[in-house]
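What follows is a set of notes on a single structure, which appears directly below.
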2 protein chains.
Amino acid sequence: MATIKDVAKQAGVSVATVSRVINGIGYVHEDTRKKVETAITELQYTPNEVARSLYKRKSRLIGLVLPDITNPFFPELARGAEDEMQENDFRIIFGNSDEKLDKEQEYIQTFVQNNVVGLIASTNYPDTDTYRNLGIPVVFLDRTADNRPSVYSDGREGGRMAAREILARGSRRITVMRGPEHIRPAQDRFQGAIEKLKDQGIAYNVIHTSSFAFTEAGTWAKELFERYPDTDGVIASNDIVATAVLHEAQRLGKKVPDDVQIIGFDDISLSSLLTPSLTTIRQPAYDMGRAAARLLIQLIENKKVDQKTIQMPVTFTERDTTRKVEQQHG
Amino acid sequence: MATIKDVAKQAGVSVATVSRVINGIGYVHEDTRKKVETAITELQYTPNEVARSLYKRKSRLIGLVLPDITNPFFPELARGAEDEMQENDFRIIFGNSDEKLDKEQEYIQTFVQNNVVGLIASTNYPDTDTYRNLGIPVVFLDRTADNRPSVYSDGREGGRMAAREILARGSRRITVMRGPEHIRPAQDRFQGAIEKLKDQGIAYNVIHTSSFAFTEAGTWAKELFERYPDTDGVIASNDIVATAVLHEAQRLGKKVPDDVQIIGFDDISLSSLLTPSLTTIRQPAYDMGRAAARLLIQLIENKKVDQKTIQMPVTFTERDTTRKVEQQHG
DNA sequence: TTGTACGCGTTATCAT
DNA sequence: ATGATAACGCGTACAA
């Protein structure tokens, strides 16, 4: 690897001059600029980011902590963030936390050790010391902490929405699936759903789903129909779980949506490819990732930020695991 | 952020001594070690990886280039690689190439600029200068280049397997879906399938699927049944496409597997949750990721490597989009 | 307009 | 057993 010294020697100038042409800063004669530039291409020189980072005490690296990219919701967030960062010449160091504090902290430590200029984190522990006085801007993604920069969607409203729509379509023996307790958005949507249900005076059952893993989703689904076989409406904790419920319902010979209606959460890509295709509360994951990246870049560049917390809308995405609602009559 | 100097001052020793206790190298008196260690914890000192990296000309960072983590096959690879790397104190810088050479090269350049010690790449262009004389070990994942370190599975055999099994289960009007031309593994499995079909003297149709995106998968499925409505067996280019085909078949009122059998490729998590659940040729994605990481670590540490190219087995994973084969009679 | 020299935080060499 | 100091590659005062 050629260094700035090699270029200087080759061009017959000092390293300072080379540095100037690279960064386009300060005066430099047109002729010497040419010389330097040809030297650079001849030697295929590219600046050493590590040396730069050491001197400036900051890199072009961004840390990204996500729970688990094996859950299809998160790759969408990741791609949104990555694409936006890429376009702004930032690169991403990445880690899956599995929703565990120690893993998360381990990653964040190494991010900091590598001089990342900013952090995007989808964490359940935004209020730990880990994030206070980190010295670099942090944007929470898919999670919030009051008055800290964050991009998330309105889970509570999403929950209400799910309850409202499933009621409007005639389900009365509803089972709500409650996601993992330490995952905030999962609790928000659950709370929203039961809030609406209570509001309407509708009784409901609850099934606890202590993970979002594909491998375990089937278990919750089985448990659901064993414990509450007369369920005619399921508000699932997310699309993965909803998929498992749909699968199990069909295995039991139930007709969806005639016997059981199912509503998921997230709108991951596969949802529209199921049969029947999955009705769900959509979160604009990719856009959330982009928004988080944009917000972080603003923070990094000390731009004035119009809003520190961005709440994205959830939308009821009607497909075929719910019945068609009757036409309103005027 | 405290530096090694701060620690030295605090402990009343020189930076050299601090460095020794950190790295556990050379002699250092038990008492001074204690002093240094308490200073370290008091100041919450952690070494600056950037400075280390600059001096040593190598970091603890690994570059990972994948086509697109939005395709559920790749997060599995990524997690396998990440988990193995994490356990060995390496961290990952990541980029999605979208199978495009320029994006890929851009990422690799910044990886190199950041002193990564190794690279895991799922590339269609292993033989470009980008990878020759990079100066750091590279492991190709899910792709091969002759005699270069790589971890992949036997796509050709997988294709043959798919053809053999669908024939054994009675399909005779088979449509084979051919994946994107520039993606090697897609072509391998396609070639394997038609090889077997020709071998058995069975005619077949071909549908071209020029991407693996969820959003486009539906298009190929529609095209398939419009052009070849009497198809009674589909060998899909991967599980995403297979899912779309299943969806479309059901939309058209076809019974799966009675009217049409479908075989996918990869065995992504959702496949077992479809109804009917998807028969597929499984690649052990997570293990492939791990194996690639292990191989790369060996290369980095200059260990003698038992085998540079690791071919993982594909397995026929029989589920419900294929008919049960008749019992063999003795 | 250009060059010299120092510092960023480490590690390693060489004295002591 | 410990300390001074030169490098690693770059950017920037300051001098020329």
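All chains are named by letter (A, B, ...) in the order of the sequence lines, taking the proteins before the strands, and each is independently numbered beginning at 1.
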In whole Å, what is the span from the [atom1] atom of [X] to the [atom2] atom of [N]?
| X | N | atom1 | atom2 | value |
| --- | --- | --- | --- | --- |
| B/Arg52 | D/dA7 | CZ | P | 22 Å |
| B/Asn115 | D/dC10 | CG | P | 10 Å |
| A/Asn114 | C/dG9 | CG | C1' | 13 Å |
| A/Leu43 | D/dC10 | CG | C1' | 16 Å |
| A/Lys34 | C/dT1 | NZ | P | 16 Å |
| A/Tyr27 | D/dA16 | OH | C1' | 16 Å |
| B/Lys5 | C/dG7 | NZ | C1' | 8 Å |
| A/Lys58 | C/dG9 | NZ | C1' | 18 Å |

Among [options], which nucleotide has an atom closest to any side-chain atom of [X]?
| X | options | value |
| --- | --- | --- |
| A/Thr32 | D/dG3, D/dC8, C/dT2 | C/dT2 |
| A/Ile4 | C/dG9, D/dG11, C/dC8 | D/dG11 |
| B/Arg20 | D/dC10, C/dT11, C/dC14 | C/dC14 |
| B/Lys56 | D/dG9, C/dA12, D/dT2 | C/dA12 |

Do the rings of B/Phe140 and B/Tyr131 sit parallel, tilted or perpendicular, given the 30° and 60° boundaries? perpendicular

Nearest-nucleotide check on DNA chain D, A/Met1 vs A/Thr17; residue mapping nearer the 5' end is A/Met1

May I ask you to evaluate whether [X] reaches the phosphate of [N], defined as a side-chain N or O under 4.0 Å from OP1 or OP2?
| X | N | value |
| --- | --- | --- |
| A/Asn48 | D/dC8 | no |
| A/Ser14 | C/dG3 | yes |
| A/Ser19 | D/dG11 | yes |
| A/Arg57 | C/dG9 | yes |
| B/Tyr55 | C/dT13 | no |

Under 4.0 Å, counting only non-hydrogen atoms across every strand here, what does B/Val50 touch: a base, just sugar-phosphate, or nothing? nothing

When you compare the side chains of [X] and [Y], does any donor N or O come within less than 3.5 Å of an acceptor on the partner?
| X | Y | value |
| --- | --- | --- |
| A/Gln10 | A/Glu42 | yes |
| A/Glu49 | B/Asn114 | no |
| A/Asn124 | A/Arg143 | yes |

Which of these passes side-chain hydrogen bond (donor to acceptor under 3.5 Å, both in side chains) with A/Thr130: A/Asp127, A/Asn133, A/Thr128? A/Thr128

